[in-house]
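I have placed the structure first, in the form of structure tokens, so that the comments after it can refer back to it.
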Amino acid sequence: MQPPTRRHGRYVVPVALALGLVLGAAGAAAAHVEVESSTAQALAVGAEVAFSAEGESSTAGIVDVKVALPAGIAPADITLVKAPSGWTLTPTADGYAVAGPALAPGAAADYTVKVRQLPDAESVVFKTLVDYSDGHTDRWIELPQGGSKPQHPAPVLALSPAAPGATPLAAAGSPSASASASASASVSASASVSASVSASASASASSSPTAATQNDADGGGGGSTAAIVLGGVAGVAVLATLVVLVLRRRKSPPA
């Protein structure tokens with residue numbers, strides 16, 4: 001019969017290994033992508049949303065984070081506010097990618113984006129892929145199924161109800177926005193054309209034969225009036241001279 005201590009020792013190593021595996025799996029599941037915002041409200045305009053993609057590898061660093069945007073947010077609605085040094089944001093077909101020099105192994109990729117307007121929803125899901133310098137990719141894209149907690153959950157941002165009177169903005173490049181822009185451009189163009197036509201009409205009127213004839217008539221009328229005035233003055237002068245001569249003759253004695 002084996003001593004009790006040795007008999008219990010037979011189970012110590014397997015239990016320790018099992019516990020280590022459970023803890024290791026829990027640690028892997030704990031590493032994920034977090035999302036938060038101080039303005040997490042439906043229809044909020046210019047909301048800043050912060051992400052933190054935790055680094056799981058002890059030998060490779062994160063080189064990029066790719067995000068698929070939820071319905072109601074377009075890639076053009078996203079602008080980068082803050083990111084690791086040297087990292088930039090690039091729009092993609094269904095979202096965006098934030099990438100740059102590899103981070104230190106185990107370091108989280110923390111960045112912040114500004115959303116033109118959050119959608120009118122209770123929550124938004126940002127499915128995320130995290131790429132490492134060794135080619136490995138973490139896929140944080142799973143959603144809860146039947147109440148079970150996924151091993152690789154997608155980041156979810158809960159939204160409070162929209163503020164009273166809040167309305168959706170016209171999407172960039174939407175028909176309404178394009179129509180407004182076209183209408184404004186048409187009005188401006190029409191105004192420019194009207195101004196050009198008016199200027200051309202004025203110039204044409206000044207140089208047209210009809211305008212030249214009218215100007216000649218106006219000038220001729222002015223010349224005729226001046227001639228009449230001068231003729232009257234000359235007649236008065238002649239009459240005055242005759243009167244003076246007559247008076248002189250009457251005063252002179254007869255011969």
Side-chain angles (χ1 to χ4, degrees), residues 26-144 149-160 162 168-174 177:
H32 53 280
V33 179
E34 297 180 351
V35 57
E36 62 180 7
S37 174
S38 59
T39 53
Q41 184 178 27
L43 298 181
V45 176
E48 292 191 1
V49 183
F51 294 84
S52 179
E54 299 179 7
E56 287 190 331
S57 176
S58 60
T59 58
I62 298 175
V63 294
D64 68 59
V65 178
K66 300 183 180 72
V67 175
L69 291 170
I73 303 179
D77 296 336
I78 302 295
T79 54
L80 187 62
V81 176
K82 182 174 62 176
S85 178
W87 282 43
T88 57
L89 184 146
T90 303
T92 61
D94 60 351
Y96 65 86
V98 183
L103 303 180
D110 298 329
Y111 68 94
T112 302
V113 298
K114 178 179 287 187
V115 183
R116 181 170 177 262
Q117 185 180 39
L118 292 172
D120 189 6
E122 296 181 353
S123 63
V124 283
V125 179
F126 299 92
K127 295 184 178 181
T128 303
L129 302 180
V130 181
D131 295 327
Y132 292 81
S133 56
D134 61 358
H136 175 71
T137 299
D138 287 336
R139 302 172 63 85
W140 303 103
I141 60 174
E142 298 176 1
L143 298 176
K149 191 173 182 179
Q151 291 187 345
H152 299 87
V156 179
L157 180 65
L159 303 179
S160 60
L169 299 176
S174 65

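Residue numbers start at 1 and run along the sequence shown. Here the structure is a predicted model, which is why all the values come from computation and not from measurement. All values below come from the heavy atoms of this structure, side chains included, with hydrogens, waters and symmetry mates left out.
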Check whether any side-chain heavy atom of [X] lies under 4.5 Å from a side-chain heavy atom of [Y], and answer yes or no.
| X | Y | value |
| --- | --- | --- |
| P150 | L143 | no |
| L129 | I141 | yes |
| V115 | I78 | yes |

In terms of ring plane angle, is the pair F51 and Y111 parallel, tilted or perpendicular, where the classes change at 30° and 60°?
parallel

Can you list every pair that meets side chain to side chain donor-acceptor pair (under 3.5 Å) and has a residue in residues 112-126, with sequence neighbours left out?
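Residue pairs with at least one partner in residues 112-126: there are none.
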
Can you name the nearest heavy-atom pair linking [X] to [Y], along with the distance?
| X | Y | value |
| --- | --- | --- |
| A42 | L159 | N-CB, 3.9 Å |
| I62 | A53 | CD1-O, 3.5 Å |
| A44 | A47 | CB-CB, 4.4 Å |
| P75 | G95 | CB-O, 3.3 Å |
| T92 | A97 | CG2-N, 4.1 Å |

Please report the interatomic distance [atom1]([X]) to [atom2]([Y]), rounded to the nearest 0.5 Å.
| X | Y | atom1 | atom2 | result |
| --- | --- | --- | --- | --- |
| E56 | H32 | CD | NE2 | 10.5 Å |
| T79 | L89 | OG1 | CG | 8.0 Å |
| K66 | R139 | NZ | CZ | 10.5 Å |
| L103 | D64 | CG | CG | 10.0 Å |
| E54 | D110 | CD | CG | 9.0 Å |
| D77 | L69 | CG | CG | 8.5 Å |

Contacts of [X] that satisfy side chain to side chain donor-acceptor pair (under 3.5 Å) - sequence neighbours left out:
| X | result |
| --- | --- |
| S160 | none |
| T128 | none |
| S38 | none |
| D138 | Y132, H136 |

Decide side-chain contact (heavy atoms from CB on, under 4.5 Å) for I73 and L118; before the verdict, give the C-alpha distance in whole Å, the side-chain angles of both, and the deciding distance to 0.1 Å.
CA-CA 7 Å; I73 303 179; L118 292 172; 4.3 Å; yes

Output all residues satisfying side chain to side chain contact (heavy atoms under 4.5 Å, CB included) with P101, sequence neighbours left out; order by chain, then residue number.
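Side chain to side chain contact (heavy atoms under 4.5 Å, CB included) check on P101 returns W87.
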
Within the side chain of E36, is there an N or O that forms a donor-acceptor pair under 3.5 Å with the backbone of A50?
no

